[in-house]
Amino acid sequence: MPTHLSVNVNAIAQLRNRRNLPWPSVTGLARIALEAGAAGITVHPRPDERHIRRHDVFDLVALLRADFPKAEFNMEGYPDERFLALCEEAKPDQVTLVPDDPGQATSDHGWDVITHAALLKTVVARLKGRGFRVSLFLDADPALVAGAKATGTDRIELYTGPYGHAADAGVQAAELAKLKATTEAASAAGLGVNAGHDLTLANLPKLVAAAPAIAEVSIGHALTADALTYGMAETVRLYRKACGS
């Protein structure tokens with residue numbers, strides 16, 4: 001099965017917010033992405049609303065439920081009460097828990113699943129009790145899989161930043177090996193695997209070839225940048241091809 005593509009629309013919202021105008025349209029470009037075959041839409045609403053705003057969440061839910069009922073809505077965030085309440089109101093298909101400080105520019109590390117075991121077990125149980133699939137943002141390290149499994153999560157999302165950042169071929173190969181090993185360990189433990197961060201048209205094919213069990217990639221920054229060149233529809237088609245579709 002090809003790896004599914006979820007389009008992260010945060011960068012679109014951030015561009016819109018520069019002028020506090022209704023364009024570019026988050027829902028309009030999400031529609032184009034879905035019409036071009038994206039399997040879902042991802043958002044990471046932050047407390048300061050510097051990109052995705054509260055109304056965007058519900059506008060996207062309305063779009064998906066009305067016109068793309070088979071597409072998935074993925075909400076990422078740190079599990080404070082504000083975020084959890086927003087998830088419970090919006091009812092996404094998947095909630096991805098990240099260990100970000102609210103002031104971070106972007107996610108840059110996965111969970112310490114031992115230190116935060118009690119928090120994660122409580123939050124995962126709460127979210128699964130509402131019927132949501134839960135994924136934990138995790139560094140590429142097979143030793144972390146058992147701790148992730150113990151939280152009750154359904155999936156992990158591999159943090160692919162070190163792989164995406166790697167300019168040296170040897171470093172990239174080493175990071176790819178870690179991602180492959182962690183994917184295999186997670187699959188053996190019965191966990192689904194997602195991946196995301198700094199994935200591009202250049203590095204995505206190697207990842208899905210090395211770790212074909214990855215069910216979903218969430219891509220925003222590079223995909224949005226490529227859409228400025230190719231247009232959103234063609235960019236989604238290119239990323240779907242890179243995913244093996």
Side-chain angles (χ1 to χ4, degrees), residues 6-30 33 38 40-64 72-113 115-116 119-120 122-124 126-127 130 132-139 153 155-162 164-165 194-199 216-225 227:
S6 185
V7 175
N8 187 317
V9 294
N10 279 21
I12 297 167
Q14 193 164 27
L15 178 58
R16 175 203 61 194
N17 293 355
R18 287 185 68 248
R19 295 289 298 275
N20 199 30
L21 294 168
W23 63 80
S25 169
V26 173
T27 52
L29 284 162
I41 298 295
T42 291
V43 296
H44 186 156
R46 292 181 179 271
D48 61 5
E49 295 196 332
R50 61 180 178 267
H51 32 63
I52 289 296
R53 294 173 175 168
R54 180 181 173 86
H55 73 81
D56 291 321
V57 171
F58 295 99
D59 290 346
L60 287 164
V61 168
L63 172 69
L64 269 70
E72 289 198 346
F73 189 45
N74 174 44
M75 289 179 60
E76 301 179 345
Y78 180 81
D80 58 12
E81 185 57 35
R82 176 204 60 84
F83 176 73
L84 295 175
L86 181 60
C87 290
E88 289 168 345
E89 188 174 353
K91 298 180 174 58
D93 301 287
Q94 178 174 261
V95 179
T96 300
L97 303 177
V98 297
D100 289 8
D101 179 276
Q104 280 185 230
T106 188
S107 303
D108 62 6
H109 63 285
W111 284 100
D112 179 336
V113 289
T115 299
H116 300 289
L119 168 67
L120 291 172
T122 299
V123 170
V124 168
R126 174 175 169 176
L127 292 170
R130 269 66 169 184
F132 311 139
R133 182 200 305 141
V134 181
S135 180
L136 298 184
F137 203 56
L138 204 69
D139 293 322
T153 191
R155 293 188 182 186
I156 60 170
E157 179 176 335
L158 292 172
Y159 171 50
T160 54
H165 298 160
N194 300 335
H197 228 275
D198 298 313
L199 295 175
E216 171 189 300
V217 289
S218 174
I219 306 177
H221 186 84
L223 190 149
T224 303

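Counting from 1, the numbers follow the sequence of the chain as shown.
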Expected output: side-chain [X] to main-chain [Y] donor-acceptor under 3.5 Å:
X	Y	answer
Asp139	His109	no
Asn10	His44	yes
Thr160	Gly196	yes
Thr224	Ile12	no

I want to check something: taking the side chain as every heavy atom from C-beta on, are [X] and [Y] in contact at a cut-off of under 4.5 Å?
X	Y	value
Asp59	Val26	no
Asp93	Asn74	no
Trp111	Leu119	yes
Leu29	Val9	no
Glu76	Asn8	yes
His116	Pro99	no
Val61	Lys91	no
Leu84	Val123	yes

Inset, instruction - Return the minimal non-hydrogen interatomic distance between His51 and Asn17, and the atom names on each side. - result: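 Closest heavy-atom pair between His51 and Asn17: O-ND2, 2.8 Å.
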Inset, instruction - Consider only side-chain N and O atoms of Glu157 and Asn194, and report whether a donor and an acceptor are under 3.5 Å apart. - result: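 No.
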Inset, instruction - For the pair Tyr159 and Phe137, name the ring-plane relationship: parallel under 30°, tilted 30 to 60°, perpendicular over 60°. - result: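 It falls in the tilted class, 30° to 60°.
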When rounded to the nearest 0.5 angstrom, what distance separates [atom1] in [X] from [atom2] in [Y]?
X	Y	atom1	atom2	result
Asp198	Ile219	CG	CD1	10.5 Å
Glu49	His55	CD	NE2	7.5 Å
Gln94	Arg155	CD	CZ	5.5 Å
Thr153	Leu136	OG1	CG	3.5 Å

Inset, instruction - May I ask you to say whether Arg46 pairs ionically with Asp48, meaning some side-chain N is under 4.0 Å from a carboxylate O? - result: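 Salt bridge absent between Arg46 and Asp48.
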Legend entry - Charged N-O contact under 4.0 Å between Glu81 and Arg126: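 Here Glu81 pairs with Arg126 in a salt bridge, since their nearest N and O are under 4.0 Å apart.
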